[in-house]
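Start at 1 and go down the list; that is how both ligands and their atoms are numbered.
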Amino acid sequence: MCGIIGIITSEKRNLIPEIISSLKNLEYRGYDSTGIAIIDNGNIKRVRRIGAPSDVFHNQEITEAFEVPSDGFSIGIGHNRWATHGKPSEENAHPHFDCGGNLAIVHNGTILNYESLRKELISLGHTFLSTTDTEVIPHLIEQSRKEGASLKDAFLNTASLLHGSFGIALISTDDPNRLLLAKHGSPLLFGILDNTLIAASSSNAILSYTNTFIALADGEYADLSIKEGSVTYIIGTILDPEKLLTKEVMTITDKSLGDMTKGEYESFMKKEIHEQPSVFRTTILGRYDEETGDAVLGGLIDYEEILRNAKQVLTVACGTAHNASLVGGVLIETLAGIPVRSEIASEFRYKKVPMIPTETVLFAVSQSGETADTLESVKEARRKGYKTFGIINVVGSAIAETVDAGVYARAGFEIGVASTKAFTAQLAVFYLLAIKLARERGMTPQKGKGLLTELEEIPNLMTKTLVDTESIVRELAEHYANKNICTINFLGRGIHVPLSTEAALKFKELTYLEAGSYPLGELKHGPIAVIDNDALSVIIMPYDELFELNKNSLEQILSKSGNVILITDEIGAKKLGAQSVDIVVIPTLKNTLLYPTLEILPLQLFAYYYALALGNNVDKPRNLAKSVTVE
Ligand code: F6R
């Protein structure tokens, strides 16, 4: 939520294209408004716009707005906003100024005590021009400066007054050779080049410039400056600024993680849907032993005994990651026979969960590794004595750093705001985890080997599913989008229930239409009332032990004149014979527990093509942000 960029260089040049291209890479974090500020000849110049950088920062206009001096710029900041306090508008867009216009800041996070700070600042004569929580920051710094503090002290004093979360970057005409950063609860790092330092909310914004960076931890600041013709930095803690820290310089070496382009695809979402076979392959790669029929999860190696003795599993996650956890829950309960409780993180934080921490292992599941509710749940669980593990996609993210240990999901950068390939990668980890827990609880090596062999086949079958289903799903989506369906429900039984929940979530996010999801057997207990000629039911029912029961429910829907799309496998399609319903056929699997890996593909494509038919932006659906770092 919100993306920050800051550049400082001893090699003066036109920094605007670099700031814009980095902001474009951060668009997934927020895209309702955007802004840039640079120091030009002792003055701060600023441009702010409603919309995403790729939509509003066109070359011509920007060149006119920032006339580049012959010797170029040496410092600038930029921001993409996802509004939390104050609606998207130019006034509310960052960077924000103090009264004198001598300093500009960009902020990611939420200032919880902004109302009292704002009142106090107004009583001291400060004038506010926006309705954001952020604007208190430049005014607090300005006030502290008035009271005699140096720029750095004023910045750190201010940071220490803020409650809530922040990643902040500051530039000031008082010291045009200095970029100050502070972090608490929102991600912030800076990349290191020969003559340039680039601060960003995420490494993916700046990977095209450098793969070497330092990530700040909560409570830390960085003072980046130009001294004697080169750039330099110091890092310290906000509350004890004189105590300087030596931080590890990290290097991202995995090239695939750096692929931030759409390639041959017209959207990131389509690309990411099609990347799922390779993501699944990468996620399981090297994480099992064919000889022993067991999963080998290096990240959990020091916790083998705890996993072996665990009496129950608790998962905490939000949205799509929660839906993946629900599938994981069925896998673990079925294969390992351990009870699993899957909690939505925003609920878990505030409710009493009567589980015994010493007997329970907690898995926090998150693509971004930044989701505030999940992060706080982990912290709360740790306080209560749970051992916490992560299934996280973003390496080095806040949750990854907070849990005791974990398994990375290896989905690579997910840019499309609606999560697709991260879900599949999370499923892949859950399959391995379930096998591991099961092998420790009596699953034979033979059974383990069998499952692993089938798991190895999944990427090829995913490719086949995409090839076989995409055009029919597209036709169906376009047909129903034009038909103006009033009600849409996604239905299934058993392990397919969380798939129906995920399908409904994807559909809502992308089409902006309400969609329901139910266990198929629940239909007759109420939801069937909505079925008529204007209702569509998407039923996930590959051939399994519940197939005949599912056919009953199908008949009930058809008898009420409902429209139906069936997702079934080759055997299921044969058994159904000639039906007056549309059937999307996926490959038949020996082990029915593996169906979610294939079913999800036509379901994602359905939401995707339906949304396209409605003219919606599939990569950046309205009102959403990729990392939800607020409560
Ligand atoms: C849905 C979606 C969200 C996220 C949720 C958790 O497409 O992307 O529901 O799954 O906000 O995010 P992470 O996984 O980053 O914790």
Check against side-chain contact (heavy atoms from CB on, under 4.5 Å), Leu331 and Ile495: CA-CA 8 Å; Leu331 296 174; Ile495 199 161; 3.7 Å; yes
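- Closest to atom 5 (C) of ligand 1 among all protein heavy atoms lies Cys318 O, 3.6 Å.
- Aromatic ring orientation, His496 versus Tyr595: tilted (interplanar angle from 30° to 60°).
- Looking at atom 11 (O) of ligand 1, its nearest protein heavy atom turns out to be Val628 CG2, 4.0 Å.
- Using a 4.0 Å cut-off between charged nitrogen and carboxylate oxygen, Lys506 and Glu502 count as a salt-bridge pair.
- In the vicinity of Gln367, heavy-atom distances shorter than 4.0 Å reach the ligand 1 atoms 13 (P), 14 (O), 15 (O), 16 (O).
- In this structure, the ring of Tyr480 has its center no less than 6.0 angstrom from the ring center of Tyr610.
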Residue pair Thr360, Arg341: steps toward the side-chain contact (heavy atoms from CB on, under 4.5 Å) verdict: CA-CA 10 Å; Thr360 309; Arg341 180 165 175 155; over 6 Å; no
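- With ligand atoms numbered from 1 in the order given, ligand 1 contributes 10 (O), 14 (O) to contacts under 4.0 Å with heavy atoms of Ala321.
- We find that Glu27 and Lys24 are not joined by a salt bridge, their nearest charged nitrogen and carboxylate oxygen being 4.0 Å or further apart.
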From CA spacing to verdict: salt bridge (Lys or Arg N to Asp or Glu O under 4.0 Å), Arg382, Asp404: CA-CA 9 Å; Arg382 281 173 66 91; Asp404 290 291; 2.9 Å; yes
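- Proximity of Thr420 to ligand 1 is not established, as no heavy-atom distance is less than 4.0 Å.
- Under 4.0 angstrom from ligand 1, the non-hydrogen atoms of Lys506 all belong to its side chain.
- Atom 15 (O) of ligand 1 has Ser368 OG, 2.6 Å as its closest protein atom, hydrogens excluded (heavy atom only).
- Among all protein heavy atoms, the one lying closest to atom 16 (O) of ligand 1 is Thr371 OG1, 2.4 Å.
- In terms of polar-atom proximity, Glu509 is counted as a contact of ligand 1, with an N or O under 3.5 Å from an N or O of the ligand.
- Remark: minimum distance from atom 4 (C) of ligand 1 to any protein heavy atom is reached at Thr320 N, 4.0 Å.
- At a heavy-atom distance under 4.0 Å, only backbone atoms of Val417 (N, CA, C or O) approach ligand 1.
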CA sep, side-chain torsions, deciding dist, call: Glu470, Tyr609, side-chain hydrogen bond (donor to acceptor under 3.5 Å, both in side chains): CA-CA 9 Å; Glu470 184 155 6; Tyr609 282 115; 2.4 Å; yes
